[in-house]
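One structure is given below, encoded as structure tokens.
No hydrogens, no waters, no symmetry mates; every other heavy atom, side chains included, goes into these values. Residue numbers start from 1 in every chain, and the chains themselves are labelled A, B, ... in the order their sequence lines are given, proteins ahead of strands.
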Protein chains: 2
Amino acid sequence: MAEQAFGEALLGLSHVIQRRHTQICADHDLTPAQAQLLCMVKDGPRRMAELAASLGMAKNALSQLVDRTERRGLVHRESDGNDRRVITLAVTAAGKEAAEAVHADVARRLPDLAEGLSPGDRRQLHGLAASVAAEQCPGRTCS
Amino acid sequence: MAEQAFGEALLGLSHVIQRRHTQICADHDLTPAQAQLLCMVKDGPRRMAELAASLGMAKNALSQLVDRTERRGLVHRESDGNDRRVITLAVTAAGKEAAEAVHADVARRLPDLAEGLSPGDRRQLHGLAASVAAEQCPGRTCS
DNA sequence: TATTGTTATACTCTATAACTATA
DNA sequence: TATAGTTATAGAGTATAACAATA
């Protein structure tokens, strides 16, 4: 068994997680980007600028992602009224349903990746992953 | 501090790793896909079909990735001689240099993500990540 | 003038289907 | 006929730059 450096091990873990997540999203006819967007608006409308910042993407990239997601009937743009420059994004009923289905499936199927570990090791990994993610990217609990 | 489910914690960890890796690749003027390709051919030529299987992508998708990478002067196609259908892919000098630079940078900078952990926790995470990655995706040690 | 969001354009990545050349 | 690889086409994602409307 080759000694694998820490960096490579993290990268390998990330790859298997990403691959499984993409599959889960695809099973619900979603791309990962759209699933993430839905997750952030499923509990109430949010401004475009706020979403772009949370997603770590430029506002124009978000605008294009929203275009595609809106075309699928999963979200819709709304005017805010007070400031007429502002657009808020809300989920549709179909979007909310999809978001919750993916979220449940992530919780159910992603942990399978660690099925080869002992229960104690799984708990360890759970805690360490949460700790690193929280430190590097605070306020980002999304499927 | 919100209780984060295991699936969400894994996803959060994967996101921060992926983001950092993409940045490291970009610092060397590479995309993650191209860096991965370079990594697989940097120690000797490989057949297209073999590469496609290793990368988990269809052979036509690989052909296109190779097109872009070859256009940048990082790899080049060679005929195998024996079977004239076969094409082998080799790195150029520039490609080899880039591959090794990225590889070194991954080893140097990716572990920083875990800098908030104790040395013991880092060792734990290292072992657990390597174990899960090896089980889910054997033979895949690549930057 | 500064801010919010969009449009235009370009490039990467990946997928499906149809294709060429060799075996 | 089967295999190795390519080409055509399309859609998703993201980036930069220029733009429109509102404050």
So A:Val75 and A:Glu70, side chain to side chain contact (heavy atoms under 4.5 Å, CB included) or not? Walk me through it.
CA-CA 5 Å; A:Val75 295; A:Glu70 193 169 27; 4.1 Å; yes

Mind running side chain to side chain contact (heavy atoms under 4.5 Å, CB included) on A:Leu65 and A:Gln36 for me, showing each step along the way?
CA-CA 11 Å; A:Leu65 173 59; A:Gln36 198 184 351; over 6 Å; no

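In this structure, B:Asp105 does not pair ionically with B:Arg20, as no charged nitrogen and carboxylate oxygen lie closer than 4.0 Å. Between B:Asp83 and B:Arg47 there is no salt bridge, since no side-chain nitrogen of the basic residue lies less than 4.0 Å from a carboxylate oxygen of the acidic one.
Nucleotide C:dT14 holds its P atom 13 Å from the CZ atom of A:Arg19, rounded to whole Å. Across the protein-nucleic acid pair, B:Lys59 atom NZ and C:dA21 atom C1' stand 12 Å apart, rounded to whole Å. For the pair B:Met48 CE and C:dA21 P, the interatomic distance rounds to 17 Å; values are reported in whole Å. Rounding to whole angstrom units, CG of residue A:Asn60 and C1' of C:dT3 are separated by 14 Å. The separation between B:Gln34 atom CD and C:dC11 atom P is 14 Å, rounded to whole Å. Computed from coordinates, the A:Gln23 CD to C:dA15 C1' distance equals 14 Å when rounded to whole Å. Separating the CE atom of B:Met57 from the P atom of D:dT6 is a distance of 13 Å, rounded to the nearest angstrom. Rounded to an integer number of Å, the gap from CG of B:Leu74 to P of C:dT12 is 12 Å.
Within the model, atoms CG of B:Leu37 and CG of B:Leu51 stand 6.5 Å from one another, a figure rounded to the nearest 0.5 Å.
Taking 4.0 angstrom as the limit, B:Arg72 places a side-chain polar atom (N or O) nearer than this to OP1 or OP2 of C:dT12.
A:Arg77 CZ: more than 12 foreign heavy atoms inside a 6.0 Å radius. Summarising the local packing, CD of B:Glu97 is surrounded by 12 or fewer heavy atoms from other residues, nucleotides or ligands at distances under 6.0 Å.
Comparing the helix axis at one end of the helix from C:dT1-D:dA23 to C:dA23-D:dT1 with that at the other, each defined from 5 consecutive pairs, gives an inter-axis angle of 20° (nearest 10°).
For DNA chain D, the residues of residues 80-97 of chain B within the heavy-atom distance limit of 4.0 Å (strictly under) are B:Arg85, B:Val86, B:Ile87, sorted by number. Less than 4.0 Å separates DNA chain D from at least one heavy atom of each of the following residues of residues 64-71 of chain A: A:Gln64, A:Leu65, A:Arg68.
Contact annotation: the side chain of B:Lys59 never approaches that of B:Met48 to less than 4.5 Å [non-hydrogen atoms, C-beta and beyond]. By the 4.5 Å heavy-atom criterion applied to side chains, B:Arg122 and B:His126 are not counted as neighbours. Residues A:Thr69 and A:Leu89 fail the side-chain proximity criterion, which asks for heavy atoms closer than 4.5 Å.
Among A:His21, A:His28, A:Gln23, the single residue meeting the side-chain contact (heavy atoms from CB on, under 4.5 Å) criterion with A:Cys25 is A:His21.
Listed candidates were D:dT14, D:dG5, D:dT6. Nearest to the side chain of B:Arg77 is D:dT6.
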